[in-house]
J.: 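Structure incoming, see below.
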Amino acid sequence: MLKQYSFEETAVQTFDEKTSLAMKTENLQVFYGANHAMHDADLAFPKNQITALIGASGSGKSTYLRSLNRMNDGIATVTGKIWYHNVDINEPTVNIYEIRRHIGMVFQRPNPFAKSIRENIVYALRANGLKNKAELEERVEKSLRGAALWDEVKDSLDKSALSLSGGQQQRLCIARSIAMEPDVLLLDEPCSALDPISTVKVEETLLELQKKYSIIIVTHNMQQAARVSSQCAFFHLGHVMEYTPTGTMFSNPQIPVTQDYIAGSFG
Amino acid sequence: MNAKRTDFLATVVINLIVATVVGILVFLLAYILISGLPHVSWSFLTGTTDAFSGAGGIGVQLFNSFYLLVLTMLISVPISLGAGIYLAEYAKDNWRTSLIRSAIEVLSSLPSVVVGLFGFLLFVVKFKIGFSVISGAIALTFFNLPLLTRNIEESLSAVSRSQREAGLSLGLSKWKTEIGIILPVALPGIVTGIVLSAGRVFGEAAALIYTAGQSAPVTNFGDWNPMDPASPLNPFRPAETLAVHIWKVNTEGLANNAAQLSAAASAVLIIAVLLFNLGARLLGNFLYRRVTASK
């Protein structure tokens with residue numbers, strides 16, 4: 001039997017005006033039909049930092065993440081405000097395709113296209129009107145270097161992406177996202193299908209990428225959150241319970257529910 | 001009875017059933033080929049038929065079969081591709097969609113004679129197109145649509161949802177994702193569907209008797225202008241296909257060697273279907289490798 005915790009007792013940090021933010025949500029609610037999956041999420045994400053979203057399965061962290069680039073459109077009803085560059089991108093009039101080019105996403109299972117490695121990266125670029133061959137080639141190299149994959153695949157760019165290992169495929173998916181030169185990168189448990197060595201590589205890549213991008217990562221793995229993130233938000237049953245700097249979250253959690261979760265004595 | 005014995009018995013029974021099926025198939029193929037092939041000659045394959053007795057070669061019919069097949073596919077593949085994409089991707093799960101699905105199933109269970117008579121009344125008589133390749137092709141499209149639509153829908157739905165999410169997350173439109181990413185992955189399944197329906201079209205006789213007609217007027221194979229009445233490409237000329245020819249030789253044929261003629265034509269029909277299947281598969285595999293960069 002799961003322990004009961006009060007949803008009233010939360011510890012969510014806010015940022016002063018001096019901190020430049022990548023994104024911010026206000027009163028974000030998500031409903032799957034009658035199921036209220038996310039309650040009142042007010043979170044702000046500082047620029048060029050990695051923010052980790054942690055919590056048990058079903059806590060709503062993936063649901064929340066998928067709302068940020070409108071991937072829940074047609075799946076769930078999302079209400080509330082999602083601020084990005086002073087625009088509420090949760091408005092129905094917003095061009096979601098444009099938004100997704102600025103807010104990229106990497107999924108739990110590596111999902112490269114059934115195309116060559118090169119084509120995986122250039123396909124969406126070309127669809128967005130970038131036709132110059134030299135420029136496309138440049139983007140391929142730049143993004144593969146960014147995802148720390150270039151040295152492993154530079155001689156086999158025309159080979160099928162499906163012939164890569166799981167870890168390489170996931171880094172290719174990261175490369176594919178950053179090739180669009182987004183602002184924000186959303187990662188939904190990017191390492192849960194990978195072995196420890198591939199996981200380390202992806203984490204190193206993320207730490208490198210935060211210099212250029214603002215990253216929000218959902219993870220089941222608390223060590224991973226501790227290793228890579230600067231800010232950490234803890235989700236419980238569709239509520240944001242605690243949002244503090246990662247150091248605070250793991251050494252000095254503010255409320256009982258986070259204390260129990262971090263200590264592993266949850267329920 | 002213990003588990004091991006049960007397994008052994010089940011294996012034996014299943015093997016026997018498979019052997020029976022394969023046996024029947026091999027017997028049929030061998031019988032048709034052995035009784036037909038000795039009567040197949042170059043002049044039989046390219047010659048023209050005597051309009052009265054039905055004797056003579058099957059050159060025109062063979063061409064008609066392929067031409068009709070190509071024309072039918074040209075009409076039915078784009079339509080069923082659109083319908084399949086709609087059902088797999090855009091249709092909401094509501095009563096309207098299930099109504100469309102039931103309608104498609106009903107269409108696929110229509111007897112081919114009924115489709116043929118409908119085509120006869122509508123295209124041949126009402127629209128005054130007459131017995132023609134195009135009437136036949138439209139009638140065959142009716143038959144082809146349900147099978148192909150279902151097949152394309154299933155092939156598309158079988159592609160993992162994560163591929164769609166990948167496309168959408170890069171800011172690609174739903175349409176672009178569907179055409180550029182999902183369709184290439186579904187291609188082998190779609191080619192299989194096209195091959196299967198092509199076999200049906202090739203072997204169809206009942207629906208064509210009333211639409212494409214039972215006569216194969218001599219055509220001038222030197223004239224490839226589709227507007228000329230004597231051109232083989234003219235879609236408005238009557239065109240007896242091989243399957244219809246076999247039926248006609250057997251029922252109305254006055255030739256002395258009607259049995260041999262139909263045996264030979266059957267053998268040719270089977271070989272043509274096999275060749276078409278083989279060709280379509282090779283082409284499908286080639287396309288798949290090209291678009292997916294797999295070896």
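We name chains A, B, ... by the order of the sequence lines, and we start the count at 1 in each one.
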J.: Got a sec: does the NZ of A:Lys131 have more than 12 other heavy atoms crowding it under 6.0 Å?
T.: yes
J.: Quick check: closest heavy atoms across A:Arg101 and B:Leu170, and the distance to 0.1 Å?
T.: CG-O, 3.7 Å
J.: Over all heavy atoms of both residues, which pair between B:Glu165 and A:Met71 is shortest? Give the atoms and the distance, please.
T.: O-CE, 3.5 Å
J.: Identify the residues of residues 184-195 of chain B whose heavy atoms come closer than 4.5 Å to a heavy atom of chain A, ordered by number, or report 'none'.
T.: B:Pro184, B:Val185
J.: Taking heavy atoms only and a threshold strictly under 4.5 Å, list by residue number the residues of residues 169-179 of chain A that touch chain B; give 'none' if the list is empty.
T.: A:Arg176, A:Ser177
J.: Using non-hydrogen atoms only, which part of A:Pro112 is less than 4.5 Å away from chain B: side chain, backbone, both, or neither?
T.: backbone
J.: Return the option, out of A:Asn111, A:Ile103, A:Asn128, with the maximum number of heavy-atom pairs under 4.5 Å with chain B.
T.: A:Asn111
J.: Examine whether an atom of B:Arg290 lies under 4.5 Å from a heavy atom of chain A, and if so say whether it belongs to the side chain, the backbone or both; otherwise answer neither.
T.: neither
J.: Suppose a student defines contact as a heavy atom less than 4.5 Å from any heavy atom of chain B. Which residues in residues 80-100 of chain A would they list?
T.: A:Tyr97, A:Arg100
J.: Closest approach of A:Phe113 and B:Ala166, non-hydrogen atoms and distance?
T.: CE2-CB, 3.6 Å
J.: Under 6.0 Å from the CZ atom of B:Phe8, do we count more than 12 heavy atoms belonging to anything else shown?
T.: no
J.: More than 12 heavy atoms of other residues, nucleotides or ligands under 6.0 Å from CZ of B:Arg101: yes or no?
T.: yes
J.: Using a heavy-atom cutoff of under 4.5 Å, enumerate the residues of residues 172-181 of chain B that contact chain A, numbered in order, or state 'none'.
T.: B:Leu172, B:Ser173, B:Lys174, B:Lys176, B:Gly180, B:Ile181
J.: Would you find more than 12 non-hydrogen atoms of other residues, nucleotides or ligands less than 6.0 Å from B:Asp93 atom CG?
T.: no
